[in-house]
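Following: one structure in structure tokens, then a few remarks.
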Amino acid sequence: MTGGRRRKQHFSRIHAFSCGKASFRGDHSLIGGPGFSRVVYCNDPECFEASLRNYAGNYVQSTKYTLATFFPKSLFEQFRRVANFYFLICAILSFTPLSPYSAVSNVLPLVVVIGATMGKEAVEDWRRKKQDTEVNNRKVKMHQSDGIFEPTKWMDLKVGDIVKVEKDEFFPADLILLSSSYEEAICYVETMNLDGETNLKLKQASDVTSSLHDDASFQDFKATIRCEDPNANLYSFVGSLELGDEQYPLSPQQLLLRDSKLRNTDYIFGVVIFTGRDTKVIQNSTEPPSKRSKIEKRMDNIVYFLFAVLVGLSIIGSIFFGIETREDLENGKMRRWYLRPDDTTIYYNPKRAAVAAILQFLTALMLYSYLIPISLYVSIEIVKVLQSIFINQDLHMYHEETDKPAHARTSNLNEELGQVDTILSDKTGTLTCNSMEFIKCSIAGTSYGHGITEVERALAWRKGSPLAREVPEIYGQVEEFKKEKPLVKGFNFVDERIMNSNWLNEPHADVIQKFLRLLAICHTAIPEVDEETGRISYEAESPDEAAFVVAAREFGFEFYERTQTSISLYEFDLSGKKVKRLKNYNPYL
């Protein structure tokens, strides 16, 4: 059988509450009408009917500029800055007789400043282009013919293609789930890139396609999907699957969104329904905005003030200039004869002193331009670029678990980082990064666990409570224990009273046994056995569940198998002997 080893357990019964079956009710009656006109020809994207619909390709881009728009958009961005606009006016005036200096000395600094900033924008957008190219050139297995799946670039996918996505891979487009490695065609999806949630979402295929487990099953598979048109709603979907002469409803339970990741499932088969700009994640995205930082806005305010000072100086100077020019020639007598006021241009004509004063005002605006710090913009741009380089190389911002460093895609808003004023959150996961650890527990009225959380430690030092004096000693014990025993993700518990089977000597050993047993069986986690080491790891919908099951394992209550109606585990009985237990349960309760 192609496609790798399949799991035989029926896990979806465990999640019956979230795997409701779709039915033809409500919005399904709208299929075929306005807003619900999309038709997908499964496994036949090259057919004549599909070519008439001219659906978008699967190429996506997140760049801010194109070759055609770079110069106009970038120039507009540069001249939004007050200083640059001021020097543009000065550069234009420098080509007139009003200029007190040559045009080159005015135009060249402006060109250098504008060119340096535009160059930085071009480099950053080129990096975005490279990232887009990397994403568009990712590969996924696509059905070619005769039940054969071959690697294909994401950007070459078309609406109607059948793809096979394997564990820990991203979905290349919006898909309808057809089947998976599980018997009941369920799969687990991580939507962190879409909504920030790390908890896994459960999806289940329609019953009619759930038996298509093998690559060869799609050799003669033909179906038609009629569904809603592309829209930005991530949590709704209305459609129907026509297979043979029957129609089957489709719901959000079968929709797999682009940029979400397949987890805890060996593989899934799906049909592409939305590609490229039609996918829901792209529909929700906007054009890269032209953001301006607080420092840049503050600089503009400073430039406004300096410009007001400059205008004030120019006005005062032009007034005195007009008065002096008018007095140069009175009753045919020349006061400043060396200026030849009787034979001069309009710029120094005593008979038209008001016009000369206005022209002198424009000349003064250029003459005092050194008050406007045009080079400050360049200095700040250089600092921002250097900051972005430091951010990319900062070891403190490196995430070791995923082997990902920080990546600054733009340097325009560096100074805005960390400027958080208020956090409005409906749960603690937003603040804890959903990183859960088993540190303490209370059993039969007795508290176990010497570990101290970061919150407790901070509060203790702030309040100067007795706990603050105990922190260094307890923390030292915990660190010493960590050196002796390898760290286990999700388990940060230290208490010799119940570890290493010492709980058998506690007064309420029977209650502790029941507590640890409940940790091992009351969950929806799935065990995975490493074939090389034999060690069991767990895949859970939430880090809370994973921490509980890992804690039970570390205490000796090891959950290792689940079936449709039972859970199997190793545990210690009250005599200290390790035994196997089989716990039956009703999946519908």
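Just so you know, residue 1 is the first one in the sequence shown, and it goes up from there.
Taking 4.5 Å as the limit, every side-chain heavy atom of L256 sits out of range of all side-chain heavy atoms of I176. In this structure, the side chains of D174 and V272 stay at 4.5 Å or more apart for every pair of heavy atoms. Inter-residue side-chain proximity for F171 and D259 is flagged as unmet; no heavy-atom pair is nearer than 4.5 Å. Between I273 and F237 the shortest side-chain heavy-atom distance falls below 4.5 Å.
Note on K201 versus E190: no salt bridge recorded, every NZ/NE/NH1/NH2 to OD/OE distance being 4.0 Å or above. A salt bridge does not link E558 with R553: every distance from a Lys NZ or Arg NE/NH1/NH2 to an Asp or Glu carboxylate oxygen is 4.0 Å or more. At a threshold of 4.0 Å, the pair D215-K164 counts as salt-bridged, since one of the basic side-chain nitrogens sits closer than that to a carboxylate oxygen.
With sequence neighbours left out, A552 forms a side chain to side chain contact (heavy atoms under 4.5 Å, CB included) with L519, A520, F557. Here C47 pairs with Y41, D44, E49, A50 under the side chain to side chain contact (heavy atoms under 4.5 Å, CB included) rule; sequence neighbours left out. With sequence neighbours excluded, no residue forms a side chain to side chain donor-acceptor pair (under 3.5 Å) with R38. Applying the salt bridge (Lys or Arg N to Asp or Glu O under 4.0 Å) rule to E124 yields no partners; only residues at least two apart in sequence or on another chain are considered. Annotation: side chain to side chain contact (heavy atoms under 4.5 Å, CB included) contacts of V123 (sequence neighbours excluded): R127. With sequence neighbours excluded, the residues satisfying side chain to side chain donor-acceptor pair (under 3.5 Å) with H399 are T402. Here S217 pairs with L212, D214 under the side chain to side chain contact (heavy atoms under 4.5 Å, CB included) rule; sequence neighbours left out. Under the rule for a side chain to side chain donor-acceptor pair (under 3.5 Å), N284 has no partner lying at least two apart in sequence or in another chain. Qualifying side chain to side chain donor-acceptor pair (under 3.5 Å) partners for K139, counting only residues two or more places apart in sequence or in other chains: none. Residues passing the ring pair (Phe, Tyr, Trp, His ring centres under 6.0 Å) test with F70, sequence neighbours excluded: Y65.
Contacts classified as salt bridge (Lys or Arg N to Asp or Glu O under 4.0 Å) and involving residues 231-245 (residues at least two apart or in different chains) are given here: R226-E242. Within the structure, ring-ring contact (aromatic ring centres under 6.0 Å, His included) pairs that include any residue of residues 529-550 comprise Y538-F559 (at least two apart or interchain).
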Exercise. Starting from the C-alpha separation in whole Å, work towards a yes-or-no answer on side chain to side chain donor-acceptor pair (under 3.5 Å) for S206 and T209.
Key: CA-CA 6 Å; S206 176; T209 59; 5.1 Å; no
Exercise. Before giving the answer on side chain to side chain donor-acceptor pair (under 3.5 Å), spell out for Q131 and S62 the whole-Å C-alpha distance, their side-chain angles and the decisive distance to 0.1 Å.
Key: CA-CA 9 Å; Q131 290 181 342; S62 62; 5.7 Å; no
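Remark: of the listed residues E150, E166, E169, E166 is the sole one forming a salt bridge (Lys or Arg N to Asp or Glu O under 4.0 Å) with K141. Evaluated for a side-chain contact (heavy atoms from CB on, under 4.5 Å) with L175, the options I162, V163, D161 yield exactly one hit, V163.
Donor-acceptor pairing under 3.5 Å is lacking for the side chains of E134 and N137. Donor-acceptor pairing under 3.5 Å is recorded for the side chains of D229 and S37. No hydrogens or angles considered: a donor-acceptor pair under 3.5 Å links the side chains of Y398 and D403.
Cation-pi geometry between K580 and Y570 is not met at under 6.0 angstrom from the ring centre and within 45 degrees of the axis.
Aromatic ring centres of F491 and F555: separated by under 6.0 Å.
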